[in-house]
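For reference, the structure discussed in these notes is given below.
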Amino acid sequence: MSIVDTSIAAVSAALSGAAAYGAWKASREANKAAWNANETAAVVAQIERDRWHKELTPQLRIKLQAEPHEVLYVRFDGPATLGELAVEGVPEVLAEKATE
């Protein structure tokens, strides 16, 4: 192998090393950008979960009337996207009076 061949091989090795270093730096920056994007997506997802929770929390008005007999009034004020209020666990006596 002559000096020219050795020089060409050395320059090729140096350029390959420089290219590898450039690729490593680029992948490191891309990795940082991906982590930042992931953190941003997590924050946005939490904001959306909080918004949906607030929008879909039932709004009720509750009133207890003691005279002439005890009556509990529950009024469903919204949100309309929930549909209607389903009452479960009502004793049979109260359910019969409600249908009368």
Query raised in the report: What is the minimum heavy-atom distance between Pro58 and Pro79, and which atoms define it?
Result: CA-CD, 4.2 Å
Query - Val4: side chain to side chain contact (heavy atoms under 4.5 Å, CB included) partners, not counting sequence neighbours - result: Ser2, Ile8
Query - Sequence-distant partners of Ile47, side chain to side chain contact (heavy atoms under 4.5 Å, CB included), two or more places apart - result: Val43
Which side-chain N or O atoms in residues 59-73 pair as donor and acceptor under 3.5 Å with protein atoms at least two apart or in another chain?
from	atom 1	to	atom 2	distance (Å)
Arg61	NE	Asp77	OD2	2.7
Gln65	OE1	Tyr73	OH	3.3
Gln65	NE2	Glu67	O	2.7

Query - Counterpart residues, side chain to side chain donor-acceptor pair (under 3.5 Å), relative to Asp50 (two or more places apart) - result: Gln46
Query raised in the report: Linking Ile, Leu, Val, Met, Phe, Trp and Tyr by side-chain heavy atoms under 4.5 Å, what else ends up with Val44?
Result: none
Could you list the donor-acceptor pairs under 3.5 angstrom formed between side-chain atoms of residues 24-32 and any protein atom two or more places apart in sequence or on another chain?
from	atom 1	to	atom 2	distance (Å)
Ser27	OG	Ala23	O	3.4
Ser27	OG	Trp24	O	2.9
Asn31	OD1	Trp35	NE1	3.4

Query raised in the report: Please walk me through it: do His53 and Arg49 pass side chain to side chain contact (heavy atoms under 4.5 Å, CB included)?
Result: CA-CA 6 Å; His53 180 74; Arg49 279 191 297 272; over 6 Å; no
Cut-off 3.5 Å, no hydrogens considered: what does the side-chain donor-acceptor table look like for residues 15-22, sequence neighbours left out?
from	atom 1	to	atom 2	distance (Å)
Ser16	OG	Ser12	O	2.9

Query raised in the report: With sequence neighbours left out, which residue pairs that include part of residues 8-24 fulfil the salt bridge (charged side-chain N to carboxylate O under 4.0 Å, His left out) condition?
Result: none
